[in-house]
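Reading through the structure tokens given below for one structure.
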Amino acid sequence: MKRPLRLRLVLRDLGAGAAFGAMAVSGQLPVWVLAVFLLALVLALCDVRLVARHARLSALLLLIAAVLLGLRMTSGAMNAVVVACAFAGLISAQRLLSTPDNASDGQTHLTGLLMVAGGAALSGDMTYALCLIAFGVLASLSLALGVVEAAVPDGEPVPVRAVLLPLSGGVTFAVAGAIAFFVLFPRLNWSMVGPRSSPGFGAASSAGFSNTVRLGGAGTIKSNPRVVLRATLTPDPGRDALDAYWVGRTYDTFDGQEWTNVVGAQRTERQITLRPASDTLLHQRVELLPAYGGRTLVALESPSRLGNAVALTQSGTRASTVQLHGGGEVRFSITAPAYTYEAYSLPPDAKAGAASGLLSEERDQLLALPEHLDPRVAQLAASVLNGEREPLAAARKLVNHLQRAYAYTLDQGGTSEDPLADFLFVRKAGHCEHFATALTVLLRTQGISARLATGFFGGTRMDGGYLVRAGDAHAWTHVFVPGRGFVTVDATPPSHRTSQGFVLLEKLLAFYEAVEGRWRDSVVDYSFRDQFELASKLVRPPRRPAEGPSTPSRLPPARAWVTAAVVAFLVWRVGRLVARWPRRAVRLEATRFLDRVDALLARAHVPRHEGESLEELTPRLAREGHPLALALTPLTRRYLEARFGGRELREGEAEHLLKTLGRALEAEAARQAVKPAEQAGPTARAS
């Protein structure tokens with residue numbers, strides 16, 4: 001039996017591994033299936049084919065695994081798509097360990113296709129795309145080497161180096177065709193067939209909001225470089241770094257340890273209006289990524305409307321309502337790994353409408369102090385303000401004092417029964433929550449209404465939008481100013497308001513998130529509607545200016561003509577390649593014919609010089625008067641015509657020529673056998 005090419009088997013096995021990886025990146029396959037396949041892949045790469053000797057046992061184990069998976073599916077423990085994908089992986093593992101022949105090769109590649117299809121149903125993010133490309137390249141190279149290997153006669157080496165260049169061209173052509181197929185073929189809604197994995201890195205961090213803020217309980221977030229929010233702003237500020245506050249919720253009650261909120265009436269709507277709108281609202285298209293880990297909508301201060309919410313659940317996208325909670329918090333009513341929504345905020349220099357006054361209950365809450373507040377807090381505020389009672393001026397005096405006399409640190413320093421007094425009079429160092437709480441309480445001790453606000457500060461420009469990280473989580477103070485409403489005052493030193501993570505790591509993560517976001521927008525969520533809109537844009541006439549001609553041209557725009565010309569050129573080139581394909585087939589058939597002629601001549605021990613070709617052998621035999629020259633001359637001519645002249649061998653012609661050559665070789669062999677006998681006759685007679 002012909003020994004298979006080792007390189008081809010390695011490429012085949014690695015291709016199957018990439019196909020399995022396309023499913024495994026979803027994180028939904030059972031662990032034992034992962035272990036079985038990885039073990040089979042390692043053994044196959046080491047050329048250990050266990051199933052070659054235990055085929056029946058492996059079939060029995062596959063049957064047991066199928067029953068087990070079926071039971072888990074019927075019990076509701078596993079999804080049908082996940083079960084199918086897991087079983088496809090087990091079949092592929094069984095094929096990897098079987099005897100490498102044509103049947104097992106074809107079955108391995110077929111299960112690879114099934115696995116990448118299953119991976120598309122389970123995942124779809126960028127890691128899946130990398131596995132898909134790896135499988136396509138490796139499997140294509142393996143298949144192409146298989147074709148070359150089959151054309152090489154037994155005992156001769158496969159010219160791997162010589163065929164790698166045309167193989168690379170073929171693989172490139174296949175990848176380009178796959179991209180064209182992806183763009184042009186109508187898209188299916190994969191979310192109908194199974195759960196989807198979370199986009200990006202998937203795991204959630206602790207950047208989400210909670211119902212309480214315990215003073216000093218979230219300092220480590222400042223070093224977290226994960227991107228939690230991605231937003232595009234209209235109008236676009238056009239700045240590389242955004243010095244803006246993204247508010248999530250506010251807190252009005254402080255008991256000395258933690259901030260809470262008096263929950264007001266809740267309502268659930270598709271769109272929540274927080275305050276009167278104007279004609280100059282700042283529009284935000286926001287995407288909350290899985291690292292956000294919460295359901296609270298975030299918007300630039302001061303938000304006016306939030307809505308058009310979509311939850312990116314594991315079973316697809318779903319329109320969601322939003323709920324209004326206390327502290328101005330707006331939450332998604334659906335729990336999902338990621339969300340998108342729209343928000344409208346008042347411009348930074350606009351006055352918050354309907355904020356000229358507060359209800360008595362609200363005013364009392366905004367002036368409430370902890371029951372056991374350290375008396376030194378009020379004394380400190382009075383000494384700093386020195387009689388100042390205007391809210392903004394007083395807040396700025398206290399901010400100057402805090403930033404001058406206190407240090408910023410992420411060191412929590414352990415727990416304390418009175419964390420505010422510990423910050424103001426003992427440690428004199430803390431992070432944003434300490435500064436914001438101190439400013440808020442100091443103001444309240446002097447009869448100035450204030451509350452704590454939490455959210456994010458900043459935003460880094462990337463790909464036309466802004467990225468906000470978990471390390472940008474921040475707390476600040478809202479000071480109530482009669483006639484203006486709540487005004488943001490931040491006591492934290494400016495250099496410590498944004499993320500405190502490593503710059504290089506932040507850039508790498510930002511690049512990955514941008515690529516992943518582009519991949520999700522352009523590939524995963526690319527739908528038939530997007531295809532239709534793309535075609536409409538190509539043929540839609542350009543808009544005419546108001547002062548232009550009143551009767552626009554009905555002809556398609558220039559881009560439509562250019563696109564049509566490019567597509568026509570590509571079709572023409574493909575047609576040329578297809579037209580040349582039979583010639584290649586003719587050449588391959590002629591080469592095989594030559595191989596059979598060479599094999600016949602070798603078995604007949606026809607004398608040939610080293611490296612002598614058939615077209616060189618035939619004239620030499622003719623010059624020497626060899627009897628085989630008469631049979632080889634027409635055969636050589638037909639080979640050259642089929643190989644280089646475009647005159648392919650007719651059906652049965654090759655067999656006829658080979659039979660003629662075979663008879664000539666037999667006659668020559670008989671003549672060579674008679675000749676020694678004739679030479680021995682006279683000697684016998686002489687004796």
Side-chain angles (χ1 to χ4, degrees), residues 206 208-219 245 247-267 272 274-275 294-298 301-303 323-331 352 355 357-378 380-381 391 394-395 398 402 415-424 430-455 473-482 485-492:
S206 56
F209 295 89
S210 60
N211 291 328
T212 62
V213 172
R214 191 170 187 83
L215 190 55
Y245 293 86
V247 63
R249 65 174 301 171
T250 60
Y251 300 86
D252 56 18
T253 303
F254 182 61
D255 63 359
Q257 291 279 348
E258 62 182 16
W259 286 92
T260 57
N261 201 273
V262 177
V263 179
Q266 299 183 7
R267 55 191 173 99
I272 296 291
L274 296 175
R275 53 182 52 85
R295 290 191 293 143
T296 301
L297 280 68
V298 179
E301 287 201 307
S302 301
Q323 298 173 331
L324 177 63
H325 292 252
E329 181 189 16
V330 180
R331 293 182 189 176
L358 292 173
L359 300 177
S360 58
E361 296 83 358
E362 295 174 307
R363 188 184 305 107
D364 294 341
Q365 199 62 37
L366 292 175
L367 292 174
L369 295 170
E371 185 176 355
H372 303 290
L373 181 66
D374 192 316
R376 293 177 294 175
V377 177
L380 174 64
L398 290 172
L402 291 173
T415 58
S416 172
E417 293 184 358
D418 191 345
L420 178 59
D422 183 65
F423 167 68
L424 289 175
H431 54 72
C432 59
E433 290 177 358
H434 293 100
F435 282 91
T437 300
L439 175 61
T440 305
V441 176
L442 287 169
L443 287 171
R444 288 187 178 186
T445 61
Q446 304 304 305
I448 299 174
S449 301
R451 68 187 182 188
L452 185 79
T454 58
H474 195 50
W476 61 95
T477 302
H478 280 170
V479 180
F480 183 77
V481 180
F486 288 102
V487 178
T488 294
V489 179
D490 196 346
T492 305

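Within the 4.5 Å cutoff, side-chain heavy atoms of L274 are placed close to those of V330. When side chains are defined from C-beta on, E371 does not count as touching D255, because their heavy atoms never get closer than 4.5 Å. Contact annotation: the side chain of S449 never approaches that of P391 to less than 4.5 Å [non-hydrogen atoms, C-beta and beyond].
Here the CD-CZ distance, from Q365 to R451, works out to 12.0 Å after rounding to the nearest 0.5 Å. Atoms CG and CD, from L324 and E329 in turn, are 9.0 Å apart once rounded to the nearest 0.5 Å.
With sequence neighbours left out, the ring pair (Phe, Tyr, Trp, His ring centres under 6.0 Å) criterion links F423 to Y406, H434, F435. Every residue two or more places apart in sequence or in another chain was checked for a salt bridge (Lys or Arg N to Asp or Glu O under 4.0 Å) with D252, and none qualifies. Checked against side-chain contact (heavy atoms from CB on, under 4.5 Å), E301 has the following partners two or more places apart in sequence or in another chain: Y245, V247, W476, H478, T488. For F254, the ring pair (Phe, Tyr, Trp, His ring centres under 6.0 Å) partners are W259, not counting sequence neighbours. By the salt bridge (Lys or Arg N to Asp or Glu O under 4.0 Å) test, D374 is found to be paired with R376, residues two or more places apart in sequence or in another chain being considered. For A395, the side-chain contact (heavy atoms from CB on, under 4.5 Å) criterion is met by L443, V479, V489, not counting sequence neighbours. With sequence neighbours excluded, no residue forms a side chain to side chain donor-acceptor pair (under 3.5 Å) with T250. Scored by the side-chain contact (heavy atoms from CB on, under 4.5 Å) test, P419 finds L215, Q257 as partners (sequence neighbours excluded). With sequence neighbours left out, the salt bridge (Lys or Arg N to Asp or Glu O under 4.0 Å) criterion links E258 to R214.
The heavy-atom pair separating L398 from A381 by the smallest distance is CD2-CA, 4.3 Å. The two residues L367 and G447 make their nearest non-hydrogen contact at CD2-C, 3.5 Å. Closest non-hydrogen pair, A475 versus L452, comes out as CB-CD1, 4.4 Å.
Residue pairs meeting the side-chain hydrogen bond (donor to acceptor under 3.5 Å, both in side chains) criterion with at least one member in residues 438-447, sequence neighbours excluded, are T440-T477.
There is a side-chain donor-acceptor pair under 3.5 Å between D490 and H474.
R275 places a side-chain N or O within donor-acceptor distance of the main-chain N or O of P303, the cut-off being under 3.5 Å.
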Stepwise side chain to side chain contact (heavy atoms under 4.5 Å, CB included) test for I448 and L442: CA-CA 9 Å; I448 299 174; L442 287 169; over 6 Å; no
